[in-house]
Structure formats: structure tokens, C-alpha cells
Amino acid sequence: ALKRGKVRKRKKKNENKRVIISNLPFGSKKWKENPNRYYDTNEIKTTKYTILTFLPKNIYEQFHRFANIYFVFIALLNFVPVVNAFQPEVSLIPICAIMAITAIKDAWEDFRRYKLDKEINHMGCYIYSREEHAYVEKCWKDVRVGDFVQLQCNEIVPADILLLHSSDQNGICHLETANLDGETNLKQRRVVMGFSSQDAVFEPEFFQNTIICEMPNNDLNKFKGYMEQPNHEQVGLNIENLLLRGCTIRNTEAAVGIVIYAGHETKAMLNNSGPRYKRSRIEQRMNRDIFSCVGLLFVMCLVGAVGHGIWTGKFWEHPPYDVPDWNGNFVAPVLAGFYMFLTMIILLQILIPISLYVSIELVKLGQVFLIHNDIDLYDEEADLPIQCRALTITEDLGQIQYIFSDKTGTLTENKMVFRRCTVDGIEFSHQENDRRLKTQRELDLEDFAKLQHFTLPPMNLERPATYKPSTVRPLRRCQSDRAHSKGHTRSRSVGRRDSSQSQVAFSSPIEKDVTPDSRLLRRVREAALQTESFSPFIHMKTSTSFTDFFLALAICNTVLVSTATEPRQRVTIPPPIKPSGITLEKIHQIFQRLKLASLSQSFSSSQSSSQLGSCDNDNDGSASGGQQLQDKGSTEMGTASLEEVFRSAASTSLPADFCYEAESPDEAALVYAAQAYGFVLVSRTPEQVTVQLPQGTLLTFDILYTLGFDSVRKRMSVVVRHPLTKEIVVYTKGADSVIMDLLDNSSTGDISSDKRLKRIKERTQKHLDYYAHDGLRTLCIAKKVLNEDDFQKWANFRREAEAAIDNREELLIETAQHLETKLTLLGATGIEDRLQDGVPDTIVSLREAGIKIWVLTGDKQETAVNIAYSCKLLNQRDTVFTINTENKETCESLLNLTLEEVKKNYECDKPRRKFFGIIPTPLPAPEAPSPEFGLVLDGRTLTIIFQGGLEEKLLELARHCRSVLCCRSTPLQKSMVVKLVRRQLKAMTLSIGDGANDVSMIQAADVGIGISGQEGMQAVMASDFAISRFKHLKKLLLVHGHWCYARLAKMVIYFFYKNVCYVNLLFWYQFFCGFSGSTMVDYWQMIFFNLFFTSVPPLLFGALDKDVSAETLLRLPELYRNGQNSEIYNLSAFIITMLDAFYQSLICFFVPYLTYKDSDIDVFSFGNPINTISLLTILLHQALEMKTWTHLPEFWVTKGKQLKDPTFYLLCLITPVIALLPRFFIFALRGTLGASLVLKAQQIEKLPKEQQDLEIQKLRSRKEATSSAPGVSASNPLGRRTYEEGYYFFNRWAEEESAATDSSAGPSSGHHPLVASRETAPGQDGKDYLKNFNYGSHRRSVSSVTL
């Protein structure tokens, strides 16, 4: 008890932190004294059951279902002699069979988990043993908190380990986190401060420090703690010191660490919640209807009880079958009625469909299997099929009303392509690069490679053997062989994901090959030559701006450098420079290539860059001799492609090609751009970075500090010491909205210099606006020169922040912000994130299907709006309202004003709405009338809306808009928007995204879809379904969604129908047997009615039936509305089905009754024909619903002697026909008069192919005619704007002022103002064009109002 008290006290004291010491002082004998013994072991167990607990635990779980409790209660009730309806043992069979099937399924799933656990627990790793004074191999499950683990290259980390030693001289260890988050780029982890300086081998036995850290949690990006040394000195710990379980060691020969978290307490295991259980809308509706059936059962039993009481009360004396009790007393009529009530419950129990739940589970498994194996949803390039992670909501895919999509990586490829830049206020359009990208778009990669191979045969012979036509594909990673060079031969621990199969991230040819702009190339070379002889040119601002700009692109990042031959071996030592010069042989090569270049002009700009193997292309280091020849000949050569041929032939100063491993695609694009201009990133260590200049000189910068990117600062900086000037320079890159506010605005005293800086800033801002309007992602590049004193003060401040235990993150951000002020602007870049294939077509189809699409992105507003037009989210004729405000009153008034404007158009259009059909159809809200509206909001406006309680107004406005764009929104805002629409509008929502920032949005929606793209696997792990391309959403929803909903809805309603129909036969019989609870059917037939006789057809129907073919569903997206409006399974459909079931049961009972009336047949001879007829009717009813025909099993349950009776056959023929006649009549009538779109589609499919196309075109043109905008002129010149023309914002208030002053304003400049046209003459300079940016409206919109 005393010991337990101590433990409790210890736990209470350290409940918010974990204290860890080395296990080595405590051997096996002293283990009970080890404080680490209370922590989890590393053995993982994801199974639910053991052999002993399986039966009780599984039964307990199955009793969470109301239906199972109900049927067990009925079965037990049947054991009470007073109320039993038939043999008690028989009544247990159905529920036992259903629960046994479910238990077998659960056991199989759990056994699979057990096998996987066993495999993982028995993987090997090396743990330090005190007895053997060496690392010994043990299983993962034997690892304990406080153990020292040695890891080698390509080994998987077995637990969360604090890094204490690395074979890397800089104390760096590289991790691949693909198993954790799917990201293929390498992450750097650092040895704990104070341990990296050890030159000797790390000795675990001398480790006496105590580690105090936070309790286990699931945050993969944060870790807080400190290490206390024996002298009470404290060293701060963070996530950079922690190796997470499941990651793979790369590029590091050996690493040693101490285990901090093990087993289920590791961050990876705490994140592994497995697939979530969601209840679909059909299941929710079904549960309500089951309670309706319970109510119906109660009424029927009450009728039976009252009837029995009345029946027995009519007798003057007790009938002979009414036996008294042992005292000679008879049961009172009221009590007899109560007993009969319970008997009737047992008798009519199958009114509740016992097999419905298990049938739905089996059908959904079948549906998931078919979706998973659809070849159209398989991405061949990425070798990824669709993943169905949630097995319970397949039918929800057919009822989606709102889609919330991310932009980057979801609508776009997340392949960043360098397009243009502005340096020193001068814009460089990179037209040659633009032409290359267009050419590459048009050509298939394979043909492109073949043509190159054909064009330049001599070059292929002289290049390394790595170049083959097929190497246009990204390089595959090869395993590091350094681990084997020192005698290590561990192979059993190599990661499951074979390292040779994982691609180098962001290294496709389209991302790597950049064709330089000829004007910029000349300026860069001049500036680089001046940098070479630095001292006389030290004050030449322009030359240093160009050099600094490209140096910043090459240095200001965390890119790792490796070689083409060993893409996983980091380059840390600059390669030796070979003496270079122009030989006769090389001049011959130049002329040879110039001749060939003239044959294939379209490739001349990219040949040289593609020839350098598939890793790094342009090692642009031409020697001084080459540079002089270039300077002389550049005027004659003229084009950039010519210069590139020249440079490529001259570049022999670097021996190998490089591969760049970046953490983001933007970083990779900028490094490749710098390389295209000759600033080649050659090597990187934590202390130094080496860059080769265009003329071949190598500059090695000392890295003093790297301030990484974070979402608060929205920028990253690197502090370096310049090797030539010895100055301390800060290079910064980040979002323009942030960098522009950090520029040095103080006056220098030199008026001309101040004016120049101001002019550069203004011009750059104009160029940035232009880039954003063109849909490019923008980044600003800036620098700052520090003096030694200022740097030392800041460095002390930074060191204190790094050593801090509390509020460390906040202090680090604060120090970074303190440094990043008074910057000098160098320039800006525009990077294109290209649209994925098929996105516009998919969005158009989804819109036609009645789905509203919202885009929630963190990108700039102009970029997002441009992409929205490109992917047809916004139309040329749409009126786009843009609301940007930070004031609640303004926001409210703008929402009211916009809403009023929108409602005017809706009121004009209302009389056109009509309703057809017996049951009123829901309002066709998705079919927005003309003109259609778009709404654009920014993150600040969203904050005001959520904080100011304006959600209702936003929703009211958004319901009238065909598209909504929320820009600059945070992950939290994304999820709040999804929850708002889902809860307030009671709409079915789907979220789709590809990054960690989309996880909250994906989890908030009814259906979450992750895209397995370039941003890792967090989105996929949080999703219900995972696809690799946005275009797959079209077939997933329009085809599989429609089929899954239609199949399951019809199957559920059929289950209710068949059970009510069959039970009513027994109910009608009670009127003729004195409500005695007896039956005319054998007990076994009743029991097996659900289990066998009618079980297979609904399963086949639910998994395989296709009411309309996939081709027609894709060509007529409007068919999707069938599921969206829940037309197949709703309250009215349920009521009609119940009435039909009552009618059919009346026919099936009374036709045989009237036939056999007054005959002498026995009860079962009367019951067998009824049973057979009812089964036949129920199966034929299913046949009427089926559209896809396979073999339909039919059960004839009768006795031999009745097979000789012709009356029996006559009944079997006539009765089902009479029973099904009304339903067949309604089907025929519906097909003739006002057929639904699904029926029209089914009729079209029966026509020949040519006629089908014609009919579908007619249907579509009729649809377009009804929804076209009569108030909008299609010939409006604004509607014909091309993509290149751009678009502008229109300020409504400015327009009203100008309308008041400008008498020349035409009659059309009323509420829909005319937009200032911008038609630039062919020879006109683009400067005037840029001046117009503040006027005008959104591109392609008739009336675009920016509020």
C-alpha cells in the first residue's frame, strides 16, 4: 500500500511531464528500482480480442445494435410457456445465425490485425547491452523507454528516439518520413546540443543526464523538453532532436539515441486512429423507419390481443381447448388478451427485417470492391488505385450537394514551374521558357525523348551512360551503400517501402528544365563578371542586385544536394574544378549542334538542358575563355537558345550532375531557376553552402543561422557571411504581403537613391499584381547587410531563445521578426502551379449534376480568382461579388446590399418554376437562374463574419451563388465553413484536399476525400476515400455514387416491403383462427424466409444492379440529382411501399382463401400455396425493380401431392399477376406520361448508338435552353476575353463617382457598369497596360463588383 502511495504521488507530481533516465545502471536484477518501468513497452497490439475475451466482448458489441437486442428478447420470450408461439429452440436459429456471421467477420478482421502486429513486433534492431558492452540485436517489442538504440542507413526507427550521436561530422541525421506522412523528401534531424562536438564514438555507459519532456501526444510537428546534466545545466530539446517511429534513416551511416516514447505512446501510434465509423444518410433514415415498423407491429399485436379478448368473451361456456389451471380457475379475458399480445409479438417478429443490417454490410463490401477495382480510377503514372478507407458511407457519394475543395495540389498539379521574374524593377517575361512549356504540353514525353535521341546522336555518345531515352522519367532512389562499406551487412531491417522505389520529390523534367530569358541572361553574366573582380564594382547597385537575386534563390532554402549516380548521398564537399577552356573539338561540337538546332527549332531551347542526364541539367559554368568568346559572339548569335547551346558545350567545370531534394516544390523551382542562370547550388552542410557562379568560380558562404519558414511570419531567411566582402548578409524570401511591409522606408539622405528605391518598389508591386492576375504564385526576394555589433547582439538574443524551456516557439519567432526588418528589395518571382488534367471538364459536369462547388484556399485572392476562371468554376457571364473588409458594420451592410441585388434577379425568375408528379419535387436550388453569381471572400472577412454572427446572411447569399471562393483562409476557417453549411443548411457535404492544412476540413465534412499528391499523406490518412487525381471525382460521384445510392436505397425499401408483405399473411389468418396465434405455415418456412428464401436476390441487386450505364451517367450528369434529392428512398416512397405491401398480402391471402373456401383441405395444405404464391410475388416484385439481369433463384416450397393439383398451378399463375398489376401499371404510366430523367435515359439506352447520341444531344440542348440567361447578351464583347488578356478589379464606389462626373457615360453604365477595355496594340509597351490595374472588373465577367 505504501509503495502504491509513492507511485501515485510520483505520477501526480509528474502528470504533465515525463522523466527519463538511462536503463543501463539498472540491470535485470535491479529492474524493480528503475523509474522507467512504468512506461509502455514497445510491443504494439491493435487487436480487439483475445481467445478468452472474443466471445463475451463480441456479443457485448453486437448488442449495441437495437435490432439484435430486440430479436434476443423475442427468442427468450418464446421460452415462456404461456406465450410461446412455436418451438422455443427454433426461434433462436435466426438471431444465432446472424450474430455468428457477424462474429466470424469480426474474428477474421482481428486475426489479420494480429498477424500484422506480430510481424512488426518481431522486426530487429540493435540495443546497447551493459553485460556485453556492445549493441545486440533484439526484437522491436523488447525495446524499453531509456534504452540506447543504434540505427544504420535504411533502417526503420523502432520507437520515438532522442538523437544523441550521428556519424555525420555536423551532427545531422536524415530521415525519410514516407511511412508516416507519405512525403518523399528528406528531413534533417540534429543531435542534441552539446553532443554534436563528440569526435569519439558515443559511449552509452557514460550517459548520466536526466531527460524531462512532455507527456505523449499526437502532434507530429512539436516536441518540448530539456535535458538536465549532473551539474544541473539544462539544454533545450525540440522536434529537430527526435526521430519518430516508422521513419527511415537515409544518408547517415549510423545514429544512436535514447528511447523517449515506446509502443502505443509513440506519436505515430497516437496518430493512427484507423478508419472512422460514419453513419450514412440512408442508414439514419432506415433507423427511423425501423421504429415505424415497431409501431406497426405494436398496432397489429394490439389488434390481435383485443380480437382474442372479444373472441373468448363471446363464449357462454369455456371451449374444450381452454384448459383451466390446477386450481380449476380460467384465465381472465383481459389477461388472456395480454398473453396473446406477447404471443403475437413472437409470431409477427419478422416484420422487423433481422437480416437487413448484415445484408447492408455485405452489399457495401461488394460496392467497395467494385469501386476499388475500377480501372478508370487507377492512376498509372503514380501506380495508385482508389483507396476506400470508410466502408460504411458508399451511398453518400450519390447524395452530395456541396463540394469544398482546396486549390493547390487539388485543382492544380502542385508542380511548380518557374515562369517569370522581376529584378531591380525590371520585368523579364521568359517567352522562350513559355514556348518550351507549350511544346512540352503538346508532345508526349516518350516522343519527346525519342526526338531528342534522334536529333543529337554525337552528344549521346559523349555523355555519361545515365542518359537514355527513358530517363526523362524522374530518377528512382538507390539505397545508400555507405552502410556496407564498413562491414555492416544488415539487410533484414530495410524499410518496407523499398528505397529504390521511392522517387526524388519535385524533379520532373517540366519542373527542372528552365530556359533562360536572353535579356536577363546577358545582364546576369555582366553582373557576375563584375562580382569576380569585386572591389572596383562594390558600389554598383544594379550589378549586385542581379547577383544577389540569384544567390538568394540558390542559398535561401533548405535544399539538399546529391549526385545523379547516388541520389541519396549528400554532397558536402565541393567537387574539384577541372581546368576548362574552348578546344577545337568543342568548337566543332558547337557548330554541329547549331546545324542540328536549325532542323528542330522548337527543341533548340531545351536540348542542352535535357542532355545532362535526368537529375541536374544546366551546370552553367563557362570558363573565362569561353566567357570572352561568348561576349564577342552573343550579338551575332542573338537568341537565348543559341547562348544555351554555347554555354552547354562549354560547361565542363563540374564533374557530376546534381539532384536537389527540397521540402516544397516552390523551393525546388527556384533552385532550378537559379541553376539555369549559372548559379549552381553545389553542396550544402549546416555550416556552409557552396554556389558556382556563371563564370565557373565557386563561392562558399558560411551559414550563420537559418530561420525556417512558418505560417506566422510567412517567410524564411538565411544569415550568411559573404566570402568576398566578408559582410554578414541576410537573404529573405516570402509572401509579398509580408515582405513589402518590411522594406526599409527610411531616408538615406541621397534623394536620387531614395527615388530609385521607391520606383523599384512601385514597379515590383505592379509586376506582382500582374503575376497574381495571371494566376502565378508570387514570392518576394530581399536582403539586408548587418554590421558585426548588431549581429552579435541579435545572436545572443537568439541563443537565449533556443535555450529557453518555456515559450520557446514564441521566442524564436520573435527573434526572427526582430532580424527581418529594414530589408532591401531585390526582386520577385512568378511560379506557375498548373491545372491538373480534366479539372475544368470535371467541374462543369459536377455543376450540371447540381453540386455547388466552393474553393477554400490559403492563396492570394487574384491567383485564386484566375484559377477559378481557368477551371470554369466562374463563367464569363457571371456577376462576381468580391467582399474584403475588416469592419463588422461594413461587412453587414455589404452582405445586405449584395443579397438585395441577388434577390432582385431571383424574384424575376420565380414564376418560371413548375412542379410535376404526384409527389412534389424539391426546389431545384442547384439550377441557379440567370444571371449567375459568384462570391469571393478573404480570410479577414470570414473572421468578421464568424465573430460578428453574420453566418446566416452569408449562407443566404451563398445559396444564390453558383460558386464561392474563400481566399487567404486558415485551416480552422476551412473547417468552420464546412461545418456551417453542413449544420445550417442540412446539406450533404464533401471536402477534398491534399495537404496537412486540409485535414480539419476533410474531417468536418460528411464525406472526406484525400488526394495522394506531392504534399504527403496526412490528408489521405484523415479521409474516407483517397484518389490521386481530381478528375477521378467525376466518375466516383456521378457513376459509382449514383449506383451505390440507387442500389442500396432500393434494397432497403425492398427489405421493408417483403417483410411486411409476408407478415401480413399471418395477420390476416388470425381473423379466421380466433386470434389464437396459430399459423397456417410451417415454423421452419417462417424462420428461413429471411435467412434463405429471399436473401440472395437483394444481395446481388444491391451489389451489381445498374439502372443506367456508366457512359450515359457521365454524358448526362443531371441524372445525379436523383440521389441528391433522395427521390428513391424518402418518407413518401416508404409509405407507398407499405401500402403496396398491404395490398399484395391481401391478394396473396384472399385469392387462395376464396378458392379453397368450403373445401376439406387441412391447414398446411391451405398454407403451402399461400406461402409459395407470396414468395413468387416477392421475387417477381424484385424482378420488376431489377435492370441488370442475372440468374434469379426461385424457391418453390410445397408438398408433393399439391403438385398434382391444377388449381395450385392456376393460383401460382393468377395471384402474382393480380398482386403486381397496380405496380406494373404505375411503372407503365410513369414511362408514358412525364417520365423522369432516369426513365428517359433508360429508354435512350435501348436505341441504336447513333440515335442515342442524337437523343442525348436533344436532352442537353433542351436543358441548356431552359437554364440559359435571357438577360445576358452572349455577344457581349467582354464575354470573349481570352486567357492572356487578364482581368481587373472594379471598385463600385469609384465607378459611381466617375459616372457622376463623366457625362459621356452611356446608358448601359448603370448597375452593370461597362468595363474599361484594355486592348493593347501590337507594338505598344506593356507599361500603359500595367497602369490600368486599378480599374476594370474581373476578367470575363459582365458585372464584377468589388466591395
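Throughout, numbering of the chain's residues begins at 1 and tracks the sequence. Note that the structure is a prediction, hence the values are computed from the model and not measured.
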Novice: Taking the side chain from D1162 and the backbone from F1164, do they hold a donor-acceptor pair closer than 3.5 Å?
Specialist: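 Checking the backbone N and O of F1164 against the side chain of D1162, a donor-acceptor pair under 3.5 Å is found.
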Novice: Test your reading of the model: is there a side-chain donor-acceptor pair from D289 to the backbone of S292, 3.5 Å cut-off?
Specialist: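 Such a contact is absent between D289 side chain and S292 backbone.
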Novice: Please assess Q399 against S1126 for the test side-chain hydrogen bond (donor to acceptor under 3.5 Å, both in side chains), listing each intermediate value before the final yes or no.
Specialist: CA-CA 7 Å; Q399 297 182 279; S1126 299; 3.1 Å; yes
Novice: Q1144 and C1061: which non-hydrogen atoms are nearest, and at how many Å?
Specialist: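 Where Q1144 meets C1061 most closely, the heavy atoms are CB-SG, 4.0 Å.
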Novice: Check whether any side-chain N or O of T1215 sits under 3.5 Å from a backbone N or O of C1212 as a donor-acceptor pair, and report yes or no.
Specialist: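 Between the backbone of C1212 and the side chain of T1215 there is no qualifying donor-acceptor contact (under 3.5 Å).
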Novice: Just do the side-chain hydrogen bond (donor to acceptor under 3.5 Å, both in side chains) check on Y1057 and Q1182 with the steps written out, would you?
Specialist: CA-CA 10 Å; Y1057 149 78; Q1182 174 89 82; over 6 Å; no
Novice: What are the two closest heavy atoms between T1177 and A1219, and how far apart are they?
Specialist: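 For T1177 and A1219, the tightest heavy-atom pair comes out as CG2-CB, 3.8 Å.
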Novice: For F341 together with F298, are the ring centres under 6.0 Å from each other?
Specialist: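 Ring-ring flag for F298/F341: true, centres closer than 6.0 Å.
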Novice: Which distance, rounded to the nearest 0.5 Å, do you find between the CZ of F1208 and the CG of L1213?
Specialist: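 F1208 CZ to L1213 CG: 11.5 Å, rounded to 0.5 Å.
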Novice: State whether the side chain of H308 and the backbone N or O of G337 hold a donor-acceptor pair below 3.5 Å, judged by distance alone.
Specialist: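 No, because the side chain of H308 does not come within donor-acceptor range (under 3.5 Å) of the backbone of G337.
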Novice: Of the non-hydrogen atoms in F79 and A75, which two are nearest, and what is the gap between them?
Specialist: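 Closest approach of F79 to A75: CD1-O, 3.2 Å.
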Novice: Quick one: list whatever passes side chain to side chain donor-acceptor pair (under 3.5 Å) with Y70, sequence neighbours left out.
Specialist: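 None.
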Novice: D1140: which residues meet the salt bridge (charged side-chain N to carboxylate O under 4.0 Å, His left out) condition with it, sequence neighbours left out?
Specialist: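 With sequence neighbours excluded, D1140 shows a salt bridge (charged side-chain N to carboxylate O under 4.0 Å, His left out) to R1223, given in chain and number order.
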Novice: Name the residue from K364, Q367, R1047 that meets the side-chain hydrogen bond (donor to acceptor under 3.5 Å, both in side chains) definition with E395.
Specialist: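 Running side-chain hydrogen bond (donor to acceptor under 3.5 Å, both in side chains) over K364, Q367, R1047 with E395 returns exactly one hit, K364.
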Novice: Between E361 and K105 (salt bridge meaning N to carboxylate O under 4.0 Å), is one present in this structure?
Specialist: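 Result for this pair is yes, salt bridge flagged.
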Novice: When you measure from the side chain of K57 to the backbone of K48, do you find a donor-acceptor pair of N or O atoms at a distance under 3.5 Å?
Specialist: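 Looks like yes, one N/O pair under 3.5 Å.
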Novice: How about Y1045 and Y1129: are their ring centroids closer than 6.0 Å?
Specialist: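 Ring centroids of Y1045 and Y1129 are no less than 6.0 Å from each other.
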Novice: Under a 3.5 Å distance rule, please check whether D1006 uses its side chain to pair with a backbone N or O of T989 as donor and acceptor.
Specialist: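 Checking the backbone N and O of T989 against the side chain of D1006, a donor-acceptor pair under 3.5 Å is found.
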Novice: Taking all heavy atoms of P1098 and all of V363, pick out the closest pair and write down the distance.
Specialist: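 In terms of heavy atoms, the two residues are closest at O-CG2, 4.5 Å.
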Novice: For R983, check salt bridge (charged side-chain N to carboxylate O under 4.0 Å, His left out) against everything at least two apart and list the hits.
Specialist: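 Testing R983 for salt bridge (charged side-chain N to carboxylate O under 4.0 Å, His left out), a comparison that skips the adjacent residues, returns none.
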Novice: Kindly compute the distance separating SG (C388) from CD1 (I371), expressed to the nearest 0.5 Å.
Specialist: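 The CD1 atom of I371 is 5.0 Å from SG of C388, to the nearest 0.5 Å.
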Novice: Apply salt bridge (Lys or Arg N to Asp or Glu O under 4.0 Å) to the pair D396 and R281, showing each step before the final yes or no.
Specialist: CA-CA 7 Å; D396 279 355; R281 188 171 277 190; over 6 Å; no
Novice: Spell out, as yes or no, whether a donor-acceptor pair under 3.5 Å connects the side chain of N68 to the backbone of F63.
Specialist: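 No; zero donor-acceptor contacts below 3.5 Å.
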Novice: Please check this pair: side chain of N58 against backbone of F54, looking for a donor-acceptor N/O pair closer than 3.5 Å.
Specialist: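 No, because the side chain of N58 does not come within donor-acceptor range (under 3.5 Å) of the backbone of F54.
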Novice: For V1052 and I282, work out which heavy atoms get closest and say how close.
Specialist: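 The answer is CG2-CG2, 4.2 Å.
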Novice: Using the ring of each side chain (for Trp, its six-membered ring), is F1150 parallel, tilted or perpendicular to Y1153, with breaks at 30° and 60°?
Specialist: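 Because their plane-to-plane angle is over 60°, the rings of F1150 and Y1153 count as perpendicular.
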Novice: Counting distance only, does the side-chain N/O of Q1070 pair as donor-acceptor with the main-chain N or O of L1066 below 3.5 Å?
Specialist: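 Side chain of Q1070 to backbone of L1066: a pair is present.
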Novice: Heavy atoms only: give me the nearest Y1120-L1037 pair and the separation to one decimal.
Specialist: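 What the structure gives for the nearest pair is CE1-O, 3.2 Å.
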Novice: Is a side-chain N or O of N1130 found less than 3.5 angstrom from the main chain of A1133, in a donor-acceptor match?
Specialist: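 Yes, the answer is positive, given that a donor and an acceptor are paired below the 3.5 Å cut-off.
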Novice: Do Y1069 and F1166 touch side chain to side chain, with heavy atoms closer than 4.5 Å?
Specialist: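 With C-beta onward as the side chain, the pair touches.
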